[in-house]
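Below: the structure, in structure tokens.
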Protein chains: 2
Amino acid sequence: MGKKTMISMAVVRRLPKYYRYLGELLRNDVERISSKELSERIGFTASQIRQDLNNFGDFGQQGYGYNVRALYEEIGKILGLNKHYNTVIVGAGNIGQAVANYTNFERLGFHLLAIFDRNPKLIGISIRDKVIQDVDNLEEFLKSNHVDIGIICVPKEQAQKIADIFVRCGIKAIWNFAPTDLNVPDDVIVENVHLSESLLTLSYRLNEAELFKEKIGR
Amino acid sequence: MGKKTMISMAVVRRLPKYYRYLGELLRNDVERISSKELSERIGFTASQIRQDLNNFGDFGQQGYGYNVRALYEEIGKILGLNKHYNTVIVGAGNIGQAVANYTNFERLGFHLLAIFDRNPKLIGISIRDKVIQDVDNLEEFLKSNHVDIGIICVPKEQAQKIADIFVRCGIKAIWNFAPTDLNVPDDVIVENVHLSESLLTLSYRLNEAELFKEKIGR
DNA sequence: AACCTATTGTTTATAATTTAACACATAATT
DNA sequence: AATTATGTGTTAAATTATAAACAATAGGTT
């Protein structure tokens with residue numbers, strides 16, 4: 001029987017939240033937890049939690065629940081956190097610097113190899129021991145260093161060009177902060193962080209009640 | 001007949017993307033567009049586009065399609081972009097500064113009133129003409145200034161405390177960059193930007209194939 | 001040791017979301 | 001002016017996601 005059913009994105013996007021909550025429980029020395037109790041904390045139904053976890057294995061035990069440490073570690077493995085990733089950031093503006101400085105990523109196994117920019121005023125400056133390099137050297141760098149994840153923090157006009165370089169150099173995962181949709185082959189994964197879209201969603205929700213009040217009014 | 005059916009989040013989260021694509025079309029002097037053509041560009045089905053838009057009104061015309069400018073403006077209104085919002089940022093670290101410097105938000109109508117931090121080394125420094133203030137003055141500031149959106153960019157340990165202040169001062173919308181879930185009353189909207197969760201999702205997807213290869217193997 | 005309780009993994013039911021179908025209206029064409 | 005194309009709004013069908021139900025099993029208790 002061919003390939004196991006792939007996991008839906010709905011499930012996948014909940015995994016990091018499980019991981020976060022289990023990490024907290026672990027730090028609070030909680031040894032075991034039932035789907036019901038986790039449900040009350042995390043805000044998913046107990047049923048959903050059991051179903052989500054069962055996509056990946058039988059981690060629980062009847063009458064007992066889940067061992068917090070074991071489950072935490074299992075989900076870590078599922079998320080690929082048992083491995084190490086090399087990353088580069090392209091674009092050393094505000095977002096690029098923010099990402100570069102977020103030391104927690106390093107702790108999770110995401111190692112920043114280099115930072116690139118095209119602004120001569122930034123090239124040469126150091127961020128966390130990394131000298132910002134000229135983006136013209138990006139392709140050469142990627143050819144002589146193994147990079148797992150390329151992080152795009154340039155303005156949207158330049159984002160596709162950077163993505164093309166990443167693809168050409170064999171990078172299979174792109175974390176994209178530019179407010180645009182990148183065009184890449186099917187075997188390359190793009191994860192977008194679109195701040196504007198998040199803000200506009202907030203703005204929508206802030207106005208939703210009023211929006212429909214008006215509609216009914218007329 | 002009571003209240004109009006609320007719009008599902010699935011739909012709402014697509015609205016900013018419509019807005020973005022329509023803005024691009026507008027800048028390229030495209031006058032009209034059909035759901036089919038938009039579908040090919042934006043990557044949603046034509047059917048979905050028509051259904052999404054129809055939640056808010058009859059914006060199209062049979063045999064013609066949608067007028068790009070009119071639709072762009074309509075969606076802008078739906079997103080609440082015909083209004084003006086006052087915002088404050090709490091936390092002037094890397095992310096706080098990145099958000100503060102993102103001038104595009106200003107263009108969309110989100111006006112930054114003030115920035116707060118508790119670090120004495122940051123207090124007094126200016127970011128885009130705003131002097132970083134002591135977070136101890138936050139509550140007082142909020143009482144004498146109308147703020148629509150509170151932006152939390154502090155470490156997770158302090159995030160709830162800031163959220164409590166926001167709530168106490170009547171703020172109804174919080175944009176949260178701290179990697180934690182905030183506890184607020186039902187009438188307060190929280191929009192999270194959880195960078196770690198985004199990165200872990202990417203990491204998961206990068207490993208998914210391998211994950212199930214192993215599973216089958218045993 | 002037998003029984004009761006807790007809690008899982010899994011199946012079944014319900015709800016939400018997405019896609020397809022199509023009647024009908026407008027625009028373009030002959 | 002009549003006819004054909006296009007393309008919407010809307011209803012129906014299919015798919016996906018979530019929640020509920022429950023049999024099975026381990027742990028705790030008398």
Side-chain angles (χ1 to χ4, degrees), chain A residues 1 3-18 21-22 25 30-72 74-75 78 201 204-205 208 215, chain B residues 1 3-15 17-18 21-22 25 30-72 74-75 78 201 204 208 215:
Chain A
M1 69 196 89
K3 191 193 281 180
K4 260 276 168 109
T5 39
M6 281 288 132
I7 305 302
S8 78
M9 277 306 284
V11 175
V12 172
R13 295 219 174 270
R14 283 192 291 269
L15 293 176
K17 196 165 168 183
Y18 289 124
Y21 273 81
L22 287 165
L25 290 168
V30 178
E31 263 185 31
R32 54 184 265 192
I33 192 153
S34 67
S35 58
K36 180 156 169 288
E37 203 184 332
L38 184 55
S39 163
E40 281 153 16
R41 295 176 184 245
I42 206 170
F44 308 148
T45 65
S47 180
Q48 179 161 73
I49 292 170
R50 293 201 300 277
Q51 240 175 4
D52 281 352
L53 298 178
N54 261 93
N55 283 303
F56 302 98
D58 295 0
F59 304 128
Q61 210 166 24
Q62 282 106 326
Y64 175 88
Y66 300 87
N67 177 283
V68 171
R69 179 179 300 278
L71 186 55
Y72 176 77
E74 283 291 350
I75 295 179
I78 291 164
T201 300
Y204 170 84
R205 292 204 278 153
E208 187 171 41
K215 257 210 166 148
Chain B
M1 69 197 87
K3 192 194 280 180
K4 258 278 171 111
T5 40
M6 280 291 133
I7 304 301
S8 78
M9 275 308 282
V11 174
V12 172
R13 294 218 174 271
R14 284 192 291 268
L15 293 176
K17 197 166 169 184
Y18 289 123
Y21 273 79
L22 287 165
L25 289 168
V30 178
E31 263 184 31
R32 54 184 264 193
I33 194 155
S34 67
S35 58
K36 180 155 169 288
E37 203 184 332
L38 185 55
S39 162
E40 281 153 15
R41 296 175 183 245
I42 206 170
F44 308 148
T45 65
S47 181
Q48 180 162 72
I49 292 169
R50 293 203 298 278
Q51 233 172 11
D52 281 353
L53 298 178
N54 260 94
N55 283 303
F56 302 99
D58 296 0
F59 304 129
Q61 208 168 27
Q62 280 107 327
Y64 175 88
Y66 299 87
N67 177 283
V68 172
R69 179 179 301 276
L71 185 57
Y72 176 76
E74 284 291 350
I75 295 180
I78 291 164
T201 301
Y204 170 85
E208 186 171 43
K215 256 209 170 152

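So you know, we letter chains A, B, ... as the sequences are listed, proteins then strands, and number each from 1. From a predicted model like this one, the values you see are computed outputs, not experimental measurements.
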- Task: May I ask you to check whether over 12 heavy atoms, not counting those of B:Glu31, lie within 6.0 Å of atom CD?
- Result: no
- Message: With syn defined as a glycosidic angle within 90° of 0 and anti as the rest, where does D:dA5 land?
- Response: syn
- Message: Here's a test of your reading of the structure: between A:Phe44 and B:Ser34, which maps to the more 5' nucleotide of DNA chain D?
- Response: B:Ser34
- Between CG of A:Leu53 and P of C:dT10 the distance, given in whole Å, is 12 Å
- Item | C:dG9 OP1/OP2 closer than 4.0 Å to side-chain N/O of A:Tyr66 | yes
- Message: Evaluate A:Ile75 against A:Leu53 for side-chain contact (heavy atoms from CB on, under 4.5 Å), listing each step before the verdict.
- Response: CA-CA 9 Å; A:Ile75 295 179; A:Leu53 298 178; 4.0 Å; yes
- Query: Whole-Å distance between C:dT5 P and A:Glu37 CD?
  - Reply: 20 Å
- Measure the distance from CD1 on A:Ile49 to P on C:dT10 and round it to the nearest whole Å. 17 Å
- Task: Would you please confirm or rule out a distance under 4.0 Å between OP1 or OP2 of C:dT8 and any side-chain N or O of A:Asn54?
- Result: no
- Query: Do A:Ser47 and D:dA20 share a donor-acceptor pair, side chain to base, under 3.5 Å?
  - Reply: yes
- Query: Rounded to the Å, how far apart are A:Met9 CE and D:dT15 P?
  - Reply: 22 Å
- Task: Please state how far atom CG in A:Asp52 lies from atom P in C:dT10, giving the value in whole angstrom units.
- Result: 14 Å
- Note on the structure: pair_partner(D:dA23), Watson-Crick or wobble, both distances < 3.5 Å, evaluates to C:dT8
- When you match A:Gln61 and A:Gln51 each to their closest nucleotide on DNA chain D, which lands nearer the 5' end? A:Gln51
- Item | Test side-chain contact (heavy atoms from CB on, under 4.5 Å) applied to A:Phe44 and A:Arg14, step by step | CA-CA 9 Å; A:Phe44 308 148; A:Arg14 283 192 291 269; 3.5 Å; yes
- Message: On the nucleotide C:dT11, are OP1 or OP2 found under 4.0 Å from the side-chain N or O atoms that A:Arg50 carries?
- Response: no
- Please round to the nearest 0.5 Å and tell me the distance separating atom CG of B:Leu15 and atom OH of A:Tyr204. 6.5 Å
- Gap separating the CE atom of B:Met6 from the CZ atom of A:Arg205, nearest 0.5 angstrom: 12.5 Å
- Among the candidates C:dT8, C:dA27, D:dG9, find the nucleotide nearest to the side-chain atoms of B:Arg32. C:dA27
- Message: Strictly below 4.0 Å: does A:Gln62 bring a side-chain N or O up to OP1 or OP2 of D:dA24?
- Response: no
- Query: Separation of A:Leu71 atom CG from C:dT8 atom C1', in whole Å?
  - Reply: 13 Å
- Item | side-chain N/O A:Arg13 vs D:dA17 OP1/OP2, d < 4.0 Å | no
- Query: Looking at B:Thr45, does any N or O in its side chain come under 4.0 Å of the phosphate oxygens OP1/OP2 on C:dT19?
  - Reply: yes
- Message: How many whole angstroms separate atom NZ of A:Lys36 from atom P of C:dA6?
- Response: 9 Å
- Atom-to-atom span, CD of A:Gln48 to C1' of C:dT8 - whole angstrom: 16 Å
